[in-house]
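In each ligand, atom 1 is the first atom listed, and ligand 1 is the first ligand listed. Starting from 1, each residue takes its place in the sequence as its number.
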Amino acid sequence: MAVSAAIFALIIAAAAFLAPRYLAQPVAEISYSDFTRELTQKKVQSVVIESGGLSVSLADRDVFVRMPNGLVSADYIERITASGAEVDFRKPGFDAAHMASIVVPIVLVLAVLAMLAIQTDFKPTSRWPKVVRSIPNRFDDVAGQEEAKAELQEVIAFLKDAGAFTKVGARIPRGLLMVGPPGTGKTLIAKALAGEAGVSFMAVSGSDFSAPLIGIAKGRVSKLFEQARKKAPCLIFIDEIDAIGRKRGGGGSAADREFEATLNQLLVEMDGFNTTAGVIVIGATNRVDVLDPALLRPGRFDRQVHIGLPDICGREAILNVHARNVRLTNGVSLASIAKGTPGFSGADLGNLINEAAIFAAREGAEEVTREHLEAARNKIIMGLERRSLVISDEERRLVAVHEAGHALCASLLPASDQVHSATIIPHGQALGLVMRLPEHDRFCIPVEKLEADLIVAMGGRAAEEVVFGPKKVTTGAASDIAHATNIVTRMVTEWGMSPAIGMVRVTRAGDNLPREVEQEIRRIIDDMYEAAKTCIKDNRDALDSLTEALLEHETIDGDEVRRIVHMQQARLAA
Ligand code: ADP
Ligand code: ZN
């Protein structure tokens with residue numbers, strides 16, 4: 001604070017010193033024509049040529065004539081002298097007004113920079129990064145996210161006793177990425193991790209590393225790791241790591257160079273720290289694809305833990321965690337609230353409970369009732385709608401039909417990989433997902449399996465068309481189409497699987513494939529799409545049951561998918 005006061009005083013002083021000179025307008029101005037008239041009437045006593053014009057002494061007063069300097073030629077000076085006036089030049093550099101016009105902006109720029117430095121650097125350096133010693137959070141505070149918690153057990157073991165790992169020569173994790181949408185509990189999980197392991201915790205954000213002055217961001221990275229080594233064992237959590245870790249573009253501007261220097265420093269620090277030091281870095285992001293590949297190499301952020309939006313069961317568990325400190329009316333069912341909150345993140349659900357408690361308190365009620373919870377839910381949905389995160393019922397049904405189509409084809413085609421799970425909870429860019437597990441690694445893939453994969457890929461769009469009609473199909477199939485086109489192209493051009501083209505390797509001429517190859521690709525895709533449509537039409541009941549199951553549970557596992565499909569088939573056979 002003392003520094004900022006001193007700098008402020010300096011600015012005032014500079015302004016006070018310079019302003020009078022800058023603003024002072026010592027003499028009146030006359031026009032050029034007036035001056036010429038005075039000159040021809042020989043009334044001019046002396047002329048001082050200075051920057052921007054002439055200071056002229058007339059018999060009775062001093063005046064100034066504005067005149068571009070370029071006009072004052074030797075001839076012109078001759079003309080003035082001829083009229084009998086004295087001519088002189090102002091010594092350059094002593095023009096107060098001119099000097100002020102240079103100095104004032106410089107002083108202002110310096111002052112602004114100093115202010116920025118105060119704001120962005122001096123303040124944080126005294127308290128940044130903040131180190132928390134004994135974190136109270138535990139995994140119990142994190143509801144759901146069981147897979148993530150299981151994956152992190154190893155990290156806890158390492159933080160508790162790095163020696164046990166190094167003794168047997170195990171390679172120790174240094175960095176891991178938590179990938180998932182905002183509000184899903186990434187920070188919470190990192191904290192709970194530090195709490196479980198009983199280590200120090202430092203949380204910073206990628207945006208802490210965008211400082212306006214050269215070198216500051218890079219210095220902060222060093223400082224962060226220096227602190228971590230001092231406080232080891234320690235967990236560093238970098239939220240929004242994409243802010244420092246996005247792909248280097250190699251642009252030449254100062255900002256680009258500064259950005260690259262910061263990212264390089266992070267890479268150097270990650271490579272450099274001694275693995276026995278017991279420091280682990282956790283980065284959080286919603287988008288791995290924008291990160292610089294160098295960050296993801298072994299020894300850096302080489303593990304990823306996915307943290308997704310919670311499904312119905314997860315949401316109920318999260319509601320229960322947050323309701324621990326709230327008095328609920330007997331018999332309120334958080335399960336039904338969970339059902340009515342698709343698309344909510346953990347943060348939204350925490351918010352919901354809190355809003356409900358506020359509604360209750362405002363009414364002076366003793367307990368939180370179902371009505372309070374529903375009012376809170378509606379309020380939050382409105383907020384989410386403004387952020388356009390809420391999927392409408394119509395869209396949910398579309399996604400459910402699309403995913404049911406994939407799941408149905410996958411479970412009806414023996415050559416396809418088994419369905420592991422199907423979900424209508426958004427994952428990354430996708431609004432839904434059908435996950436399939438290969439039974440064993442395949443090195444030689446038979447054409448039969450490739451075709452099954454293609455029919456499964458087409459199954460999403462085919463279901464949309466069969467259920468809603470050709471005019472209602474959506475953009476949701478873009479990645480399916482890209483995937484299918486890629487496979488078919490390779491079938492035809494690399495793997496000799498098209499009878500029409502035969503066993504030749506086709507190379508591109510420029511951007512285009514030969515016409516008959518393009519036609520063959522199209523024919524195969526069309527065939528597969530027709531096969532998918534037939535499969536769906538023939539099993540329409542199973543598709544509808546799958547759709548309803550997805551709408552109700554949001555995620556269904558492979559066994560459930562197969563149970564539904566086989567039940568409908570048995571009914572058909574009977
Ligand atoms: P992120 O870092 O992924 O943006 P946060 O960890 O900051 O999300 O989550 C914000 C808040 O949401 C947490 O403080 C917590 O109250 C709540 N929350 C999120 N996920 C969960 C969860 N799985 N269990 C309990 N609370 C959660
Ligand atoms: Zn799809």
Check: Gln418/Arg562 side-chain N/O donor and acceptor closer than 3.5 Å: yes

The Zn ion (ligand 2) reached by Asp480 (N, O or S, under 2.8 Å): yes

Is it true that the NZ or CZ of Arg246 lies under 6.0 Å from the centre of Phe259's six-membered ring and within 45 degrees of the ring axis? yes

Side-chain donor-acceptor pair present, Thr547, Asp544, cut-off under 3.5 Å: no

For atom 16 (O) of ligand 1, what's the nearest protein heavy atom and its distance? His322 CE1, 3.0 Å

Do Glu403 and Thr423 get their side chains close enough for a donor-acceptor pair, meaning under 3.5 Å? no

Classify the ring geometry of Phe237 against Phe201: parallel below 30°, tilted from 30° to 60°, perpendicular beyond 60°. parallel

Does Gly183 reach ligand 1, in the sense of a heavy atom lying below 4.0 Å from it? yes

Under a 3.5 Å threshold, yes or no: a donor from one side chain and an acceptor from the other, between Asp480 and His402? yes

So for ligand 1, is Val142 a polar contact partner (N or O within less than 3.5 Å, distance only)? no

For ligand 1, which atoms sit closer than 4.0 Å to a heavy atom of Asp141? 24 (N), 25 (C)

Can a donor-acceptor pair be found between the side chains of Arg523 and Ser498 at a distance below 3.5 Å? no

To the nearest 0.1 Å, how far is atom 6 (O) of ligand 1 from its closest protein heavy atom, and which atom is that? Leu188 N, 2.9 Å

Check each heavy atom of Ile318 against ligand 1 and say whether those closer than 4.0 Å belong to the side chain, the backbone, both or neither. side chain

What do you reckon, does Ala347 have a nitrogen or oxygen under 3.5 Å from a nitrogen or oxygen of ligand 1? yes

Distance in Å, Leu408 CG paired with Cys535 SG, rounded so as to fall on 0.5 Å steps: 5.0 Å

Does Lys191 come within less than 4.0 angstrom of ligand 1, counting non-hydrogen atoms of the residue? no

Between Glu147 and His306, a side-chain donor and acceptor under 3.5 Å: no

Counting heavy atoms only, which of Ala148, Gly185, Gly180 comes nearest to atom 9 (O) of ligand 1? Gly185

Within a distance under 4.0 Å of any heavy atom of Pro182, pick out the atoms of ligand 1 and give their elements. 4 (O)

Taking only heavy atoms of Ala143, which atoms of ligand 1 are found under 4.0 Å from at least one of them? 22 (C), 23 (N), 24 (N), 25 (C)

Would you check if there is a donor-acceptor pair between the side chains of Ser416 and Arg436 at a distance under 3.5 Å? yes

For Gly346, atoms of ligand 1 separated by under 4.0 Å from a heavy atom: 12 (O), 17 (C), 18 (N), 19 (C), 20 (N)

To the nearest 0.1 Å, how far is atom 7 (O) of ligand 1 from its closest protein heavy atom, and which atom is that? Thr187 OG1, 3.5 Å

Any nitrogen or oxygen of Gln145, main chain or side chain, under 3.5 Å from a nitrogen or oxygen of ligand 1? no

